[in-house]
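Counting starts at 1 for both ligands and their atoms, following the listed order.
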Amino acid sequence: MRMVDLIEKKRDGYELSTEEIHFIINGYTDGSIPDYQVSALLMAIVFRGMSERERADLTLAMVESGEKIDLSQIRGIKVDKHSTGGVGDTTTLVLGPLVAAAGVPVAKMSGRGLGHTGGTIDKLESVKGFHVEIDKDEFIELVNRNKIAVIGQSGNLTPADKKLYALRDVTATVESIPLIASSIMSKKIAAGADAIVLDVKTGAGAFMKTLADSRELAQAMVSIGNNVGRRTVAVISDMRQPLGFAIGNALEVKEAIDTLKGEGPHDLTELCLTLGSHMVYLAEKAGSLAEARTLLENAMKDGSALEKLKVFLSSQGGDASIVDHPEKLPQAKFIYELEAKEDGYVAEMVADEIGTAAMLLGAGRATKDSVIDLAVGLVLRKKIGDQVKKGESLVTIHSNFENINEVKQKLYENIKISSRKVTAPTLIHEVSGTM
Ligand code: URA
Ligand code: CA
């Protein structure tokens, strides 16, 4: 088999066979096929697309390129959740303890974040003593005992995806539904998921800006999942504005605690109950989505979700007393309010730009090597559709810098006030996949 013939085949719009796709991925992973040939193939895929079969083959070839996590020692159906990247997205922190309280085993492999705020591990590290450097056996034992544990990302999952993603980034080939869908799905499958719930974000703050593109990505991932034997559901949720109120690591931990008590922001609570219901249903802990939702609502009401968070934190060395005393979380030195300059209704809160404002405070990493400040960030006081009076606070800014002019300016530029009434955006747009 010669790579040049396969490039030509895809360039001319033909399908690549299973064997050919494995040849390409194996050759690229071991270095025998060079970047320039793979670049040409990727560009041909951008223009020609891939069939459902090719997408499933590409996903499995990337899974096979590296280590696979074996979760077979964990009892029950392991359902993983993936979000296509939001701003102030606190769902993982809430969903873990919440669905674990309903009996779903949560075996989470997580990473550090790049951009707006930290990843799940960074956020959890704002709890003193909490650590994810546990070994595989301990991880499995914790999930069997408590139904929840988080472990740091292992070094060698889907190396083919790592190489391809880096190459796509510099060859203008990221924007391709088959490539994005197989990239995301390969990582979930290699991490050992039996079933997958996807939260596909749509709107200004999201990777996919339009509902049509988000729907296409959602359906592509659901079909890959179903074609490789993983039941998969995708929820398309709105990211025109940040999710919940808090954007920042310790601030989001506090927000997760509130939400697990049933006292969280309405949108975050609703999204967690929706995603969580699909997880519980796919894990076969409830016979219907409605029954699954009732289980989760009860876990919020009766305190079992909060109790689960305490057990989870303390089992991995964390100080669980922060759950009842969130004031023990890292606190910023200065607190400022961003005052509205006029009366009206909030019309826009550009999610990714507000995320960037949080990053300027130090809540996120501008580059891989940046050090994040766990205490800082933003708490939104208003959301799209809310009425606001001149002088009222739009955002509370938690900062360790005294001078925050740049942050304030960025926020003012990206929070638009209208004199006319504005309707709040729909949170859940649609759901694709098995019911
Ligand atoms: N996220 C991924 O993991 N892969 C892509 O290709 C795009 C977004
Ligand atoms: Ca949030």
Minimum-distance protein heavy atom relative to atom 8 (C) of ligand 1: Tyr165 OH, 3.0 Å

When you measure from the heavy atoms of Ile180 to every atom of ligand 1, does any distance fall below 4.0 Å? yes

Consider only side-chain N and O atoms of Glu327 and Gln331, and report whether a donor and an acceptor are under 3.5 Å apart. no

Ser399 (side chain) donor-acceptor with Phe401 (main chain) under 3.5 angstrom: yes

For Ile184, counting its heavy atoms only, list the atoms of ligand 1 lying under 4.0 Å from any of them. 1 (N), 2 (C), 3 (O)

Taking the side chain as C-beta and beyond, is there a heavy-atom pair between His278 and Val235 under 4.5 Å? yes

Give a yes-or-no answer on whether the side chains of Ser183 and Asp161 include a donor-acceptor pair shorter than 3.5 Å. yes

So which N/O/S atom does Glu255 have closest to the Ca ion (ligand 2)? OE1

Salt-bridge contact Lys209-Asp213 (side-chain N to carboxylate O under 4.0 Å): no

Verify the distance test for Leu243 against the Ca ion (ligand 2): any N/O/S atom under 3.0 Å, yes or no. yes

Under 4.0 Å from any heavy atom of Lys187, which atoms of ligand 1 are there? 2 (C), 3 (O), 4 (N)

Atoms of ligand 1, numbered as shown, that sit under 4.0 Å from any heavy atom of Ser183: 2 (C), 3 (O), 4 (N), 5 (C), 6 (O)

When you measure from the centre of the six-membered ring of Tyr28, is the NZ or CZ of Lys163 closer than 6.0 Å and no more than 45° off the axis? yes

Leu268 near the Ca ion (ligand 2) via N/O/S, less than 3.0 Å: no

